[in-house]
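Below is one structure; the comments refer to it alone.
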Amino acid sequence: MLLNQFLLLAAVLFAIGVYGVIARRNGVAVLMSIELILNAVNINLIAFSAMNNSVAGQVFALFVIAIAAAEVGVGLAIVLVIYRTHHSIDLDRVDSMKG
Amino acid sequence: MAAAANADVPVNVAQNVGFGIIAAAMVVGAIRVVTTHNVVHAALWLVLVLAGAAAQFILLAAEFVALTQVLVYIGAIVVLFLFGVMLTRALIGGDAELTRPNRAGAVVTGVLMLGLLSFTLIDTFGNDRLPSDTRVTLRRDAVSQFEADTGIVTAGMNEEDLVAQVAALSDIDDRERTRQVSAARAIAPDGAGQVGDVSIDSNVAAVSDSIFSQYLLPFEIVSVLLTAALIGAIVIARKE
């Protein structure tokens, strides 16, 4: 297998995730797009771990997974509070701090 | 680059076909995650992408990360997403306001980013092959391979001894010497230990050995971070 086939797959997932973060306006959907980006990074880490015969990439992927779990927990709590105060999770309407 | 070193490795057709099928499913799933009009469906398409990523990890012989991916992502994070959808009462029957009306900027950004990344990756890594045995080489196997290649007895040696021994070999060319020096560094135990100190006989053991020695401090910091994040989430979401 080529190293590049994994890296290009990760690049496609990353670009789709970036598109989702910009185009989506539902808070939960934006968080899902961020998960796509984090997964693309994990695929890169594991591919380079296999390429260099080192477990360091796998250890970093595990850390990324743990941090993603923390991020989703806090992110969904914030979305919940936005829903409670704005009665909607449309991120375009969260503009109270706009000058 | 490593391409030359692995150029003679035969192509494993089954691996490549498996990769292609899983990759196609992942790309379709990812596009559906960002385009579907129903946020519950988006969560379910996300499961497909995450499971595909776990399958790719197994293809790259990182089975521990693959299992963690299934347990943490599919088992916990997707369920958390579904709870989030439920608690924010997004319409189950479809929600047209999920996406911004003008998304030309998003499409341009995504395509530009993909183009730039693809160009850079192809330019940098070209046709570099993964090592024939893509699993992380077990240290025990690597040691016997090294001993067979160089005729050096490794027992009781540390990294510096091994590198010095390789440098002293007279019957190999420079290219081979570089390769064996990196092999010697790879099999040498971390710190001041000696070869044969640790019996690492599986990939999971290699990962755990790495986490609980070299990466112990980051590991502890991550556990503190997780605790802080969970307490923070409870405090933020709690009703007054």
Side-chain angles (χ1 to χ4, degrees), chain A residues 1-9 11-20 22-29 31-33 35-36 39 42-43 46-47 49-51 53-56 58-59 61-63 65-74 76-81 83-84 89-90 92, chain B residues 15-16 19 23 27 30-31 33-34 39 42 46 49 53 56-57 60 62 65 68-69 72 76-77 80-81 84-85 87-88 97-100 103 105-107 109-110 113-114 117-118 121-122 125 127-131 134 136-137 206-207 210-211 215 218 222 225-226 229-230 232-233 236-237:
Chain A
M1 289 186 289
L2 298 179
L3 172 65
N4 247 343
Q5 65 193 56
F6 290 95
L7 301 187
L8 288 175
L9 170 67
V12 171
L13 289 183
F14 186 87
I16 294 174
V18 168
Y19 165 82
I22 301 174
R24 290 298 213 185
R25 58 189 211 185
N26 177 305
V28 178
L31 283 176
M32 287 181 195
S33 307
E35 292 310 306
L36 285 181
N39 250 275
N42 273 350
I43 293 176
I46 303 288
S49 153
M51 184 70 182
N53 246 341
S54 143
V55 288
Q58 298 184 29
V59 174
L62 290 172
F63 286 155
I65 290 176
I67 297 199
E71 173 251 313
V72 169
V74 177
L76 282 176
I78 294 174
V79 168
L80 215 59
V81 175
Y83 177 74
R84 220 176 272 150
I89 48 173
D90 186 341
D92 285 350
Chain B
Q15 275 185 347
N16 281 299
F19 170 86
V27 171
I31 291 176
V33 169
V34 295
V39 74
L46 186 65
V49 180
Q56 302 285 20
F57 294 165
L60 287 165
V65 185
T68 314
Q69 168 99 357
V72 176
I77 292 184
L80 212 56
F81 273 129
V85 173
L87 291 173
T88 53
E97 293 190 5
L98 215 53
T99 312
R100 280 180 223 291
R103 56 196 105 124
V107 173
T109 313
M113 192 158 271
L114 179 61
L117 280 173
S118 311
L121 287 175
I122 292 170
F125 295 108
N127 287 325
D128 284 8
R129 307 274 296 268
L130 290 168
T134 52
V136 171
T137 308
V207 171
S210 192
I211 289 182
Y215 297 101
V222 164
L225 175 82
L226 269 177
L230 287 182
I236 294 172

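In the text below, chain A, chain B and the rest are named by the order of the sequence lines, each starting its count at 1.
- Interatomic distance, B:Arg129 CZ to A:Met1 CE, rounded to the nearest 0.5 Å: 10.0 Å.
- Both the backbone and the side chain of A:Tyr19 come within contact range of chain B, with heavy atoms under 4.5 Å apart.
- Minimum interatomic distance between A:Gly73 and B:Ala233 (heavy atoms only, all atoms of both residues): O-CB, 3.8 Å.
- Heavy atoms of B:Ile31 lying under 4.5 Å from chain A belong to its backbone as well as its side chain.
- Using a 4.5 Å cut-off between heavy atoms, B:Val207 contacts chain A through both its backbone and its side chain.
- Of all non-hydrogen atoms in A:Ala69 and B:Val72, the two that sit nearest each other are CB-CG1, 4.2 Å.
- Only the side chain of B:Thr109 has a heavy atom closer than 4.5 Å to any heavy atom of chain A.
- Of all the listed residues (A:Val18, A:Ile65, A:Val28), the one sharing the greatest number of non-hydrogen pairs under 4.5 Å with chain B is A:Ile65.
- Here A:Ile22 is the residue among A:Val81, A:Ile22, A:Asn42 with the most heavy-atom pairs under 4.5 Å with chain B.
- In this structure, B:Asp128 CG and A:Leu2 CG are separated by 8.5 Å, a value rounded to the nearest 0.5 Å.
- The heavy-atom pair separating A:Ala23 from B:Arg103 by the smallest distance is CB-CB, 4.0 Å.
- The contact between A:Ile46 and chain B is made by backbone and side chain atoms together, counting heavy-atom distances below 4.5 Å.
- Both the backbone and the side chain of A:Ile16 come within contact range of chain B, each with at least one heavy atom under 4.5 Å from a heavy atom of that chain.
- The structure places CZ of A:Arg24 at 4.0 Å from OG1 of B:Thr99, a figure rounded to the nearest 0.5 Å.
- If you tally non-hydrogen atom pairs under 4.5 Å between each of A:Leu62, A:Ile78, A:Val12 and chain B, the highest count goes to A:Leu62.
- With sequence neighbours excluded, the residues forming a side chain to side chain donor-acceptor pair (under 3.5 Å) with A:Asp90 are A:Arg25, listed by chain and number.
- Scored by the side chain to side chain contact (heavy atoms under 4.5 Å, CB included) test, B:Leu121 finds A:Asn4, A:Leu7, A:Leu8, A:Ala11, B:Phe125 as partners (sequence neighbours excluded).
- In terms of heavy-atom proximity, B:Ala30 sits nearest to A:Leu13 at CB-CD2, 3.6 Å.
- Contacts of A:Phe14 with chain B are made by side-chain atoms alone, with heavy-atom separations under 4.5 Å and no backbone atom involved.
- A distance of 5.0 Å separates CD of A:Glu35 from CD1 of B:Ile77, quoted to the nearest 0.5 Å.
- With a 4.5 Å cut-off on non-hydrogen atoms, B:Val65 touches chain A through its backbone and its side chain both.
- If you measure heavy-atom distances from B:Phe19 to chain A, the contacts under 4.5 Å come from the side chain alone.
- Contacts between A:Glu71 and chain B at a heavy-atom distance below 4.5 Å are absent for every atom of the residue.
- Across B:Val39 and A:Met32, no two heavy atoms sit closer than the pair O-CE, 3.7 Å.
- Contacts between A:Val74 and chain B at a heavy-atom distance below 4.5 Å involve backbone atoms as well as side-chain atoms.
- Contacts of B:Val27 with chain A are made by both backbone and side-chain atoms, with heavy-atom separations under 4.5 Å.
- Atom-to-atom distance recorded for A:Ile67:CD1 and B:Leu226:CG is 8.0 Å, nearest 0.5 angstrom.
- A distance of 9.0 Å separates CG in B:Leu87 from CG in A:Leu76, rounded to the nearest 0.5 Å.
- Contact tally against chain A (heavy-atom pairs below 4.5 Å) for B:Ala62, B:Gly110, B:Gly105: the top residue is B:Ala62.
- Nearest approach of B:Phe81 to A:Leu31, heavy atoms of both residues: CE2-CB, 3.5 Å.
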